[in-house]
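Ligands are counted one by one from 1 in listed order, and the atoms in each one are counted from 1 as well. The chain is numbered in sequence order, starting from 1.
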Amino acid sequence: MYNVMSPKAEEFISHEEVLASLAYAQQNKNNRELIDQILEKARERKGLSHREAAVLLDCELEDKNQEIYALAEQIKKDFYGNRIVMFAPLYLSNYCINGCEYCPYHLKNKHIARKKLTQEEIVKEVTALQDMGHKRLALEAGEDPVNNPIEYILECIQTIYGIKHKNGAIRRVNVNIAATTIENYRKLKEAGIGTYILFQETYNKESYEKLHPTGPKHDYAYHTEAMDRAMDGGIDDVGLGVLFGLNNYQYDFTGILMHAEHLEAYKGVGPHTISVPRLRRADDIDPDVFDNGISDEIFAKIVACIRIAVPYTGMIVSTRESQACREKVLHLGISQISGASRTSVGGYAQPEPEEENSAQFDVSDNRTLDEVVKWLMEMDYVPSFCTACYREGRTGDRFMTLLKSGQIVNCCHPNALMTLKEYLEDYASEETREVGDKLIEKELDVITNPRVKEKVIDYLANIHKGERDFRF
Ligand code: SF4
Ligand code: SF4
């Protein structure tokens, strides 16, 4: 039944293969010899199979677990250095016809405020986001063909790219909307989206169908095969994710890696990003009714094992996680984080009144973007507002080839410094600017190519004089 090259969800995420992998991992969780072999393979930085990664996830040998964490940290450093790409979500509409049991936007929730941003409201929200310093957005919308048809999403994207306010600009719009047709994916591609993001929620078909009792999302195959259709529609950067807490975490960990293997084998490009959200409290949603919650320790182990298994895939953690938890997983493999997020429809331009709460989930990290940027820099990370690859046409397999060869770092690091400089000049508090300028000075020494270094110094001076948007 299991066939990585099959177009059918039930064959590339074969339930039997997942169960066999979980059994294999359980049998071998203390098998020192096998774990050593897997770690040896992982050190080549070419990734691991889902079965091998499942063994590491279950491993109970303390010394080997320490090796797993150390290797994840090293791989993170090799592929991503100390850069962390920043983004913010923008909720367009919370009208939704699906019945997802873990999301407050489900159709039967009659007490949540339903909202949909008008184009005028989008201008206000995006202006507020630009004024914080954001350059990269993830658009979110519920599934509702009447209220949120594809034409509405396309219009919103066009509006967002058109907003130029002071030195602000949204340079990359990623989109997280419901599974759709190849034709609609083509339209999104033509509208200039960056990554198409769609969370699987859970790969376990039986649980999936129970958690999605009504609405189009109930169709497991249509949802799971969406990334194949997105790629057929010309989108070559896709972002996977599961919602940890809905189902057995080992199952979903194995499932997401099988999905990544499928995209790589069948479409020639693995996922651009993997998100690791955990279930959070929200209006009408009590996370305690789902009994698959995972501890911070398991969460960290999942992040480390994903980093090792798919070294070339960006990994995202949102403000669902607290500052402390984000701090713990950043060095284990996270490459992108959101900052100063509002998870309601509207709320950036003006905070929502309490009685009009339209949030999808409670945020655990409520700091401003300036605070998040400063916090990252004080831990020696370089916050990056870079969006260069997509704008230089480095997407899909072109991007992956550069990434796998390790060459992308020659672009990422200078771009991170230049976009950080833009942020410091235009939006940072004095204190943050001071920390940032010192960090940039120090980071210039990391650039080994003298010609590149010279160019960066030149560009930084020009940014200080008021010019913008330099990139490699
Ligand atoms: Fe709708 Fe998405 Fe929420 Fe499900 S998870 S109810 S599809 S917004
Ligand atoms: Fe991302 Fe490309 Fe910028 Fe690197 S250069 S941070 S890969 S957009």
For atom 2 (Fe) of ligand 1, closest protein heavy-atom neighbour = Lys217 NZ, 4.0 Å
query = Are Arg433 and Glu425 close enough for a salt bridge, meaning some N to O gap below 4.0 Å?
reply = no
query = Can you tell me if an N/O/S atom from Cys100 lies under 2.8 Å from atom 3 (Fe) of ligand 1?
reply =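 Of the N, O and S atoms in Cys100, none lies under 2.8 Å from atom 3 (Fe) of ligand 1, which means no.
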key: Under-2.8 Å protein N/O/S neighbours of atom 4 (Fe) of ligand 2, ordered by chain then residue number   = Cys412 SG
Please tell me whether [X] and [Y] have a donor and an acceptor in their side chains that are separated by less than 3.5 angstrom.
| X | Y | answer |
| --- | --- | --- |
| Thr159 | Gln119 | yes |
| Asp365 | Gln323 | no |
| Asn247 | Thr202 | yes |
| His15 | Asn204 | no |

request  = Give a yes or no answer on whether the side chain of Glu125 reaches the backbone of Ala349 with a donor-acceptor pair at less than 3.5 Å.
outcome  = yes
Per-atom contacts of ligand 1 with Asn98, taking only distances under 4.0 Å to non-hydrogen atoms = 7 (S)
key: Under 4.0 Å to a heavy atom of His106 - the qualifying atoms of ligand 1, by number   = 6 (S)
query = Is there an N/O/S atom in Cys96 at a distance below 2.8 Å from atom 1 (Fe) of ligand 1?
reply = yes
key: Output field: ring centroids Tyr208/His218 closer than 6.0 Å   = no
key: Closest non-hydrogen atom pair between Gly268 and Asp397, with its separation   = O-CB, 4.4 Å
remark   = In this structure, CD1 of Ile440 is separated from CG of Leu417 (nearest 0.5 Å) by 6.0 Å
task = Pick whichever of Arg394, Gln336, Arg136 has a heavy atom sitting closest to atom 1 (Fe) of ligand 2.
result =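 Heavy atom nearest to atom 1 (Fe) of ligand 2 belongs to Arg136.
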task = Report yes or no: does a heavy atom of Phe399 sit under 4.0 Å from some atom of ligand 2?
result =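 The answer is yes, since Phe399 has a heavy atom less than 4.0 Å from ligand 2.
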